[in-house]
Amino acid sequence: MSNSHGDTIPLHPSSQSDIDEIENLINASVQSGPATVLPARPPSPPRASIPVSPSPFIQSKIPPPPPQSASSNQKVPSVAAAPPPPPPSVGNSSSIAASGFGPAPNTLTEPVWDTVKRDLSRIVSNLKLVVFPNPYREDPGKALRDWDLWGPFFFIVFLGLTLSWSASVKKSEVFAVAFALLAAGAVILTLNVLLLGGHIIFFQSLSLLGYCLFPLDIGALICMLKDNVIVKMVVVGVTLAWSSWAAYPFMSSAVNPRRKALALYPVFLMYVSVGFLIIAIN
Amino acid sequence: MDLSQPVEENYANPKTCFFHVLFKASALAFYILSTLFADSFVIIFVFTVVLAALDFWVVKNVSGRILVGLRWWNEINEEGESIWRFECLDQESLARINQKDSWLFWWTLYLNAVVWGIFGIFSMVRLEVDYLLVVGVCFSLAIANIIGFTKCRKDARSKIQAFASRTIASSFSSTLHSAFSLV
């Protein structure tokens, strides 16, 4: 039915007859339409050991630029009548697809506990990536790709609570000051990097600075338990160095090398001031 | 959680609705009652903020999916750019969503933000910076969820429209095809 006849003008080899075109359009639309095996979203490319999960803590304090989200949404098929797609062979990723929109009652009722477990495991993995030596530190932008703000939230509150507990007077003020200092400090440090022309994502950097508080949390806990000034100074010194070491690669890779010190110095200053706060509390 | 119940009368997901409201209400209640009893500020702060954070998580991950079929999150792609992703159920599932559920969802979301905003104004007027901090955190969490879900809903509507126009186009071409095949 589609061959050109002898008595017509021979078509260009790449052109199709009308029927062919319409057939191809129909086939294309049928394939891209609501097929029953269409996955809810394309599985993200497998990454080494970072669980991909879609529920970061605070996301849209700053509204995202509309064109970006509009263009990216075209790639995400919204039709989700399909059963949940099988988990990819890497095993530990695309929980988005697995716990996303399958047929509504089945996948939405059960995975609340799954979501909790997934978020908890993401906090642990982010912590390990940031604070402990691991091979991903060479590529900092990729390491903290799945940022979340739950970990930083816990650490800041814990630090505030520890400092407040150690204080004998003015407990409320200590807590409020510690919390406000750390939260505002993280925001300002991120803005500093952005204004220096660095390439960093706002929430990723907030997340990073929060995770780097983990050593200082440990230091504050030890200082709370042991009240000796010398011990405190040693502990704070060690944990301060650890925090700075943890934050260094991410911050320094975000700005161009001539401005590295300008980006790193305020971070160090903030951690030093927290360290002094820990030592000075009695 | 059975969507085949009659949708006019009952909430289709009473447990989810309950939790959706529970954390918001308890955060507000704790804040109000504790300022009356004038407890330690630290306790007030931690409890209120923890409850507000739990509420944020519940709304974003659980009740958003179950009550209105919307979900939003942020990803960082290979080039290191952050992308906001919005996802919604397909049209027939969206049409089956209980009206009461979604009414409750949206109204409590907005009301929560408004009430925290009012508390913020009170704190500013009274120059209580400590309490302003608490209110600020809770308010920004509420606003974050509102913005996320509103964008998600708009995105869902535009996707449905696009899908509808594509369906019309493909059905049009299929009628053409059948017309041609009869010839």
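Lettering of chains follows the sequences in order, A, B, ..., and the numbering in each one begins at 1.
- Note that CZ of B:Phe56 and CZ of A:Phe153 are 11.5 Å apart. Values are rounded to the nearest 0.5 Å.
- Residues B:Asn74 and A:Phe203 are not in side-chain contact: their nearest non-hydrogen atoms beyond the backbone lie 4.5 Å or more apart.
- Between atom CD1 of residue B:Ile83 and atom CD1 of residue A:Ile201 there is a gap of 9.5 Å, rounded to the nearest 0.5 Å.
- Open room surrounds CZ on B:Phe18; 12 or fewer heavy atoms of other groups in view lie less than 6.0 Å from it.
- Heavy atoms closer than 4.5 Å to chain B are found in the side chain of A:Phe179, but not in its backbone.
- For A:Ile200, no part sits under 4.5 Å from any heavy atom of chain B, backbone or side chain.
- Counting heavy atoms from C-beta outward, A:Trp165 and B:Val42 have side chains that stay 4.5 Å or more apart.
- With sequence neighbours left out, A:Phe175 forms a ring pair (Phe, Tyr, Trp, His ring centres under 6.0 Å) with B:Phe45.
- Counting heavy-atom neighbours within 6.0 Å of B:Phe47 CZ, excluding the residue itself, gives a total of 12 or less.
- A:Val116 is not listed as a side-chain neighbour of B:Asn61, based on a closest heavy-atom distance of 4.5 Å or more.
- Atom CZ of B:Phe149 sits in a crowded spot, with more than 12 heavy atoms from other residues, nucleotides or ligands closer than 6.0 Å.
- Proximity to chain A (any heavy atom under 4.5 Å) is shown, for B:Val49, by both the backbone and the side chain.
- The two atoms that bring B:Leu133 and A:Ala176 nearest to each other are CD2-O, 4.1 Å, heavy atoms only.
- Taken to the nearest 0.5 Å, the CZ atom of B:Phe41 stands 15.0 Å off from the NZ atom of A:Lys171.
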